[in-house]
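Worksheet: the structure to be examined is printed underneath.
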Amino acid sequence: MARNRRMWQLAASSITSILKKKDSLFGKFEHLKSKRDRKPQYPEVEHCLLQWFTNCRSQNMPVSSHILKEKARYFAANLHVHDFKASDRWIANFKKRNMITFKKLCGESGDVNKQIGSD
């Protein structure tokens, strides 16, 4: 600590004060997950797609990126969003914004109810 104090030409009391406040200073920025918080360009489509995805996952239905794309196009058409394109980049950013990761479902707890799948 003495070497750093001399290097930065700080008084010992300044370093002690900074170290005491360290936890509160870092805590203020903990909630930030990226450099900037971008809003979705099509919030209605994202909202519908996220609700649909959450519903599918709660019923243990497997959902792929391709299925997400098709559903996004379906919701955009029903919401009369004409300039919407469900590109690979849009899907990747949608998953990133909503913290969605695809993992393999396995075991009996991951089985889909046959009655739900036929609806």
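Residue indices begin at 1 and follow the sequence shown.
Between the Ser17 side chain and the Ser13 main chain, no donor and acceptor come within less than 3.5 Å of each other.
Evaluation of the ring pair (Phe, Tyr, Trp, His ring centres under 6.0 Å) rule for Tyr42 yields Phe84 as partners, not counting sequence neighbours. Partners of Ser65 according to the side-chain hydrogen bond (donor to acceptor under 3.5 Å, both in side chains) rule, which considers only residues two or more places apart in sequence or in another chain, are Lys95. In this view, Lys20 and Thr16 satisfy the side chain to side chain contact (heavy atoms under 4.5 Å, CB included) rule, not counting sequence neighbours. Ser58 is linked by a side chain to side chain contact (heavy atoms under 4.5 Å, CB included) to Asn55, counting only residues two or more places apart in sequence or in another chain.
Contact between Cys56 and Val63 at its shortest, heavy atoms only, is CB-CG2, 3.8 Å.
Here CD1 of Ile67 is found 11.5 Å from CD1 of Ile91. Values are rounded to the nearest 0.5 Å. Rounding to the nearest 0.5 Å places CG of Leu49 at 4.0 Å from CZ of Phe94.
The list of salt bridge (charged side-chain N to carboxylate O under 4.0 Å, His left out) pairs with a residue in residues 40-53, not counting sequence neighbours, reads Glu46-Arg97. Each salt bridge (charged side-chain N to carboxylate O under 4.0 Å, His left out) pair with one or both residues in residues 58-68, not counting sequence neighbours, would appear here, but there are none. Among residue pairs with one or both ends in residues 85-94, those qualifying as side-chain hydrogen bond (donor to acceptor under 3.5 Å, both in side chains) are Lys69-Asp88; sequence neighbours excluded.
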When the side chains of residues 73-81 are checked against the rest of the protein, which donor-acceptor pairs come out under 3.5 Å, sequence neighbours left out?
unit_1, atom_1, unit_2, atom_2, d
Arg73, NH1, Glu70, OE2, 2.8
Tyr74, OH, Asn78, ND2, 3.2

